[in-house]
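Data block below; observations after.
A quick note: this is a predicted structure, and the numbers were derived from the prediction, not measured. Just follow the structure's listing: the first ligand is 1, and inside any ligand the first atom is 1.
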Amino acid sequence: MKTIIEPFRIKSVEPIRMTTRAERQDLLQAANYNLFALKSDDVLIDLLTDSGTGAMSAAQWSAVMQGDESYAGSPSFYRFEAAVKNLMPFNHVIPTHQGRAAEAILFSMFGGAGRNIPNNTHFDTTRGNIEASGAQGHDLVIAEGKDPASEHPFKGNMDLDRLDAYLEEHGDSVPCVMLTITNNAGGGQPVSLANIRATAALARKYGKPFFIDGCRFAENAWFIKTREDGQQDRSIPEIVRDCFAEADGMTMSAKKDAFGNIGGWLALNDDSLAETARNHLIRTEGFPTYGGLSGRDLEALAQGLSEIVDEDYLRYRIRTNAYIIERLDALGIPVVKPAGGHAVFIDARRWLSHIPPLEYPGHALAVALYEIAGIRSCEIGTVMFGRHPDGSEHPAAMDLVRLAMPRRTYTQSHADYIVEAFEELAKARESLTGYRIVKEPQLMRHFTCHFEPIEG
Ligand code: F0G
């Protein structure tokens with residue numbers, strides 16, 4: 001059969017409240033045109049993030065009932081730990097309430113003034129934790145990874161020549177090497193197993209520990225299986241184990257590829273680092289057998305980890321994005337290609353080329369998508385990255401709009417509705433106008449700033 005169906009039935013539904021375009025216009029005005037200020041009840045299809053927004057399975061909900069809330073030594077922790085080690089055989093698994101808490105602990109040990117930490121592309125919270133420690137993060141993704149039109153199969157790959165030169169140049173100031181799979185900030189693009197191995201080999205050559213940010217490890221493994229020579233006949237768990245066998249540790253947001261509404265972990269091989277990390281954990285998150293989580297959360301994650309590596313799920317998951325991208329491409333809408341793991345990215349700077357970057361074409365597109373169809377997306381461009389610490393403002397490298405797909409949450413007709421929304425937008429494209437920011441905080445302005453439309 002050609003049709004790739006959702007590999008699940010729906011047992012429990014959550015109604016969506018319909019709104020009219022006129023209502024949405026008022027809601028936008030009341031929100032000062034910032035989509036983060038909308039109430040989620042006023043959103044029809046919420047593609048703001050794939051983080052924590054997925055649907056749990058019946059088996060996960062029943063696992064929740066097994067949750068043991070003992071402060072120390074809960075069996076829920078041991079089930080969680082075994083599920084993690086089954087895929088990522090690190091010596092120490094330290095639960096945290098979400099990914100950024102694992103990062104904060106990691107960089108309390110590896111960060112610090114004068115240090116330099118490379119990655120294919122640091123996610124915002126990773127960079128935030130590195131910078132908060134006084135260190136600097138650097139992004140060394142391959143050149144194709146920054147070209148929305150390039151069809152390279154592994155656009156998340158580390159640029160190995162640049163990493164080699166970087167390690168040579170920065171020497172002792174580099175405490176570790178990181179790699180993010182998939183590369184969220186670069187369009188959810190995967191990293192090949194060969195590139196993971198080569199990055200690990202370079203880290204070893206220079207005597208640096210190697211850490212993987214594994215948030216979307218299963219999606220990455222699916223791309224390895226389907227795109228990398230010699231991997232087609234291997235199981236997803238085998239590929240996942242090969243990826244992590246290269247690393248000295250990992251950080252994880254279990255809100256992504258562990259099907260959790262909350263959760264994360266830090267895993268390490270080194271005993272003394274693990275001891276330091278656990279002491280930090282006790283101070284900030286909780287006792288090492290629960291981290292910042294309840295026993296029932298740990299149970300849901302243990303079960304989720306056995307479901308995320310299911311090939312029928314991954315085939316459907318990746319196909320949904322590819323389907324939307326193919327249809328948008330056919331409409332002439334510039335999308336980041338090929339399809340990434342967790343999201344569809346639109347090149348708003350190119351599509352709305354009549355709106356200059358400092359009038360925020362990505363934001364204009366995201367607002368119009370909400371107004372026309374009630375779909376909430378996220379600008380990843382000049383609003384997010386344009387303001388610099390010295391107060392100056394410059395266009396970001398790209399003005400993208402991300403449609404992040406929650407896991408197992410929306411169906412094929414939602415995908416068709418998203419495409420239809422873009423058909424409608426295409427008709428209105430030339431009449432869309434830019435925005436100006438009329439109020440902004442000092443840091444991370446995109447979450448709370450106020451906008452005004454620039455009249456055309
Ligand atoms: N690393 C990556 C690659 C991420 O995508 C995220 C979160 C984190 C770390 C932090 O994890 O949210 O559990 O603390 N990404 C979400 C997103 C927020 O929408 O892309 P967290």
- Angle class for the His414/Tyr410 ring planes (parallel below 30°, perpendicular above 60°, tilted otherwise)? perpendicular
- Set of residues that line ligand 1, where lining means a heavy atom lies under 4.0 Å from it: Thr49, Ser51, Gln98, Gly99, Arg100, Glu103, Phe123, Thr125, Thr180, Asn184, Asp213, Cys215, Arg216, Ser253, Lys255, Lys256, Arg402
- By side-chain contact (heavy atoms from CB on, under 4.5 Å), Asp242 pairs with (sequence neighbours left out) Leu193, Arg197, Arg234
- Message: Can you list everything that forms a salt bridge (charged side-chain N to carboxylate O under 4.0 Å, His left out) with Glu371? Sequence neighbours excluded, please.
- Response: Arg21
- Can you tell me if CD on Glu151 sees more than 12 non-hydrogen neighbours from other groups inside 6.0 Å? yes
- Item | Phe8 six-ring centre to Arg408 NZ/CZ under 6.0 Å and within 45° of normal | no
- Which residues pass the side-chain contact (heavy atoms from CB on, under 4.5 Å) test with Lys439, sequence neighbours left out? His450
